[in-house]
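A quick write-up on the structure given underneath.
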Amino acid sequence: QVQLVESGGGLVQPGGSLRLSCTASGFTLDDYAIGWFRQAPGKEREGVSCINPSDTRSGSTYYADSAKGRFTISRDNAKNTVYLQMNSLKVEDTAVYYCASTWGCGAELAVADFGSWGQGTRVTVSS
């Protein structure tokens with residue numbers, strides 16, 4: 001059974017950092033592009049970042065404008081895990097963060113292109 005599980009969320013002060021993890025079971029994560037998305041209360045789910053497979057698309061990465069310069073997506077294939085390192089967090093980064101998979105991703109970070117969604121991990125940025 002294909003499953004993605006997110007972890008690493010929590011409460012952090014503005015300017016702080018968190019590292020989210022997306023771990024796969026039932027398939028090899030590096031065979032797929034993995035995206036991170038978030039959904040704030042009352043808002044639609046939006047794309048944050050994605051990383052392509054290492055061999056077919058050179059592991060290329062894409063970021064939403066809101067994430068550029070602050071967030072970094074990476075893979076640890078030995079752990080079958082994709083990370084989202086989030087630095088300089090802002091109150092507006094507060095949301096439930098999800099990871100999902102697709103065959104290949106690009107700058108559009110379209111929610112509809114992804115599947116096998118995890119259950120999400122909550123990030124709260126507050127003083």
Side-chain angles (χ1 to χ4, degrees):
Q1 181 179 358
V2 173
Q3 187 175 10
L4 292 172
V5 178
E6 304 94 337
S7 62
L11 173 64
V12 63
Q13 293 185 340
S17 298
L18 282 175
R19 188 178 76 163
L20 306 184
S21 300
C22 173
T23 302
S25 61
F27 67 102
T28 300
L29 210 56
D30 201 26
D31 288 342
Y32 297 87
I34 300 299
W36 281 100
F37 297 81
R38 67 186 183 186
Q39 188 164 17
K43 295 187 177 181
E44 293 186 354
R45 193 168 298 187
E46 63 177 4
V48 176
S49 181
C50 69
I51 185 167
N52 275 302
S54 300
D55 57 352
T56 58
R57 298 199 182 201
S58 303
S60 53
T61 58
Y62 297 88
Y63 297 91
D65 288 342
S66 60
K68 288 177 182 176
R70 300 189 300 128
F71 296 0
T72 303
I73 192 169
S74 63
R75 292 182 181 270
D76 184 336
N77 292 332
K79 295 183 178 180
N80 214 27
T81 298
V82 168
Y83 300 104
L84 184 68
Q85 177 68 44
M86 305 189 296
N87 299 327
S88 302
L89 283 162
K90 305 175 181 179
V91 171
E92 51 263 42
D93 293 319
T94 295
V96 177
Y97 284 71
Y98 301 87
C99 63
S101 65
T102 189
W103 291 111
C105 68
E108 63 277 7
L109 294 169
V111 172
D113 292 342
F114 287 78
S116 299
W117 294 84
Q119 84 290 346
T121 185
R122 185 174 300 276
V123 171
T124 303
V125 185
S126 174
S127 56

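These figures come from a predicted structure and were not determined experimentally. FYI, side chains are in, hydrogens and waters are out, and symmetry mates aren't considered; it's all heavy atoms of this structure.
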* Heavy-atom side-chain contact between Asn77 and Leu29 under 4.5 Å -> no
* To do: Mind listing the closest non-hydrogen atom pair of Leu11 and Ser126 along with its distance?
  => CD1-CB, 4.2 Å
* Can you run down the disulfide (SG to SG under 2.5 Å) pairs that involve residues 24-94, sequence neighbours left out, and say none if there aren't any? => Cys50-Cys105
* Asked: Rounded to the nearest 0.5 Å, what separation is found between the SG atom of Cys99 and the CD atom of Gln119?
  -> 8.0 Å
* To do: Could you tell me whether the side chain of Asp76 and the main chain of Thr81 form a donor-acceptor pair under 3.5 Å?
  => no
* To do: Looking only at non-hydrogen atoms, find the nearest pair between Ser17 and Gln85 and report the distance.
  => CB-NE2, 3.9 Å
* **Which atom of Glu6 lies closest to which atom of Gly120, heavy atoms considered** => OE1-N, 2.8 Å
* To do: Could you identify which residues cluster with Val91, counting Ile, Leu, Val, Met, Phe, Trp and Tyr as linked when any side-chain heavy atoms lie under 4.5 Å apart, either directly or through a chain of such contacts?
  => none
* Atom of Gly104, atom of Ala33 and distance for their closest heavy-atom approach -> CA-CB, 3.8 Å
* To do: Go through Ile73 and Val82 one step at a time and tell me if the side-chain contact (heavy atoms from CB on, under 4.5 Å) criterion holds.
  => CA-CA 7 Å; Ile73 192 169; Val82 168; 3.8 Å; yes
* Please determine which of Arg75, Arg57, Lys79 meets the salt bridge (Lys or Arg N to Asp or Glu O under 4.0 Å) test together with Asp30. => Arg75
* To do: Keeping the roles fixed (side chain from Asp55, backbone from Asp31), state whether a donor-acceptor pair exists under 3.5 Å.
  => no
* Structure fact -> For Tyr32 and Pro53 the tightest heavy-atom approach is C-CG, 3.6 Å
* **Atom CD of Glu44 with >12 non-hydrogen neighbours under 6.0 angstrom** => no
* Asked: To the nearest 0.5 Å, what is the distance between CZ (Phe27) and OG (Ser116)?
  -> 6.0 Å
* To do: Could you please spell out the steps behind the side-chain contact (heavy atoms from CB on, under 4.5 Å) verdict for Ile51 and Tyr83?
  => CA-CA 10 Å; Ile51 185 167; Tyr83 300 104; over 6 Å; no
* To do: Using the test side chain to side chain contact (heavy atoms under 4.5 Å, CB included), find all partners of Val125 that sit at least two apart in sequence or belong to another chain.
  => Val12, Pro14, Leu89, Asp93, Thr94, Val123
* To do: Under the side-chain contact (heavy atoms from CB on, under 4.5 Å) rule, what do Met86 and Leu20 come out as? Steps first, then yes or no, please.
  => CA-CA 8 Å; Met86 305 189 296; Leu20 306 184; 3.8 Å; yes
* Could you walk me through whether Asn52 and Ser60 pass side chain to side chain donor-acceptor pair (under 3.5 Å), step by step? => CA-CA 5 Å; Asn52 275 302; Ser60 53; 2.9 Å; yes
* **Pairs touching residues 55-77 that satisfy ring pair (Phe, Tyr, Trp, His ring centres under 6.0 Å), sequence neighbours left out** => none
* **Whether Thr102 side chain and Asp113 backbone form a donor-acceptor pair below 3.5 Å** => yes
* Results of salt bridge (Lys or Arg N to Asp or Glu O under 4.0 Å) for Glu46 - residues two or more places apart only -> Arg38
* Structure fact -> Minimal heavy-atom distance between Cys22 and Leu4, with the atoms involved, is SG-CD2, 3.8 Å
* Which ILVMFWY residues can you reach from Val96 by hopping between side chains whose heavy atoms are under 4.5 Å apart? -> Phe37, Tyr98, Val111, Phe114, Trp117
* Under 3.5 Å, side chain of Gln39 to main-chain N/O of Ala95, donor-acceptor pair present? -> no
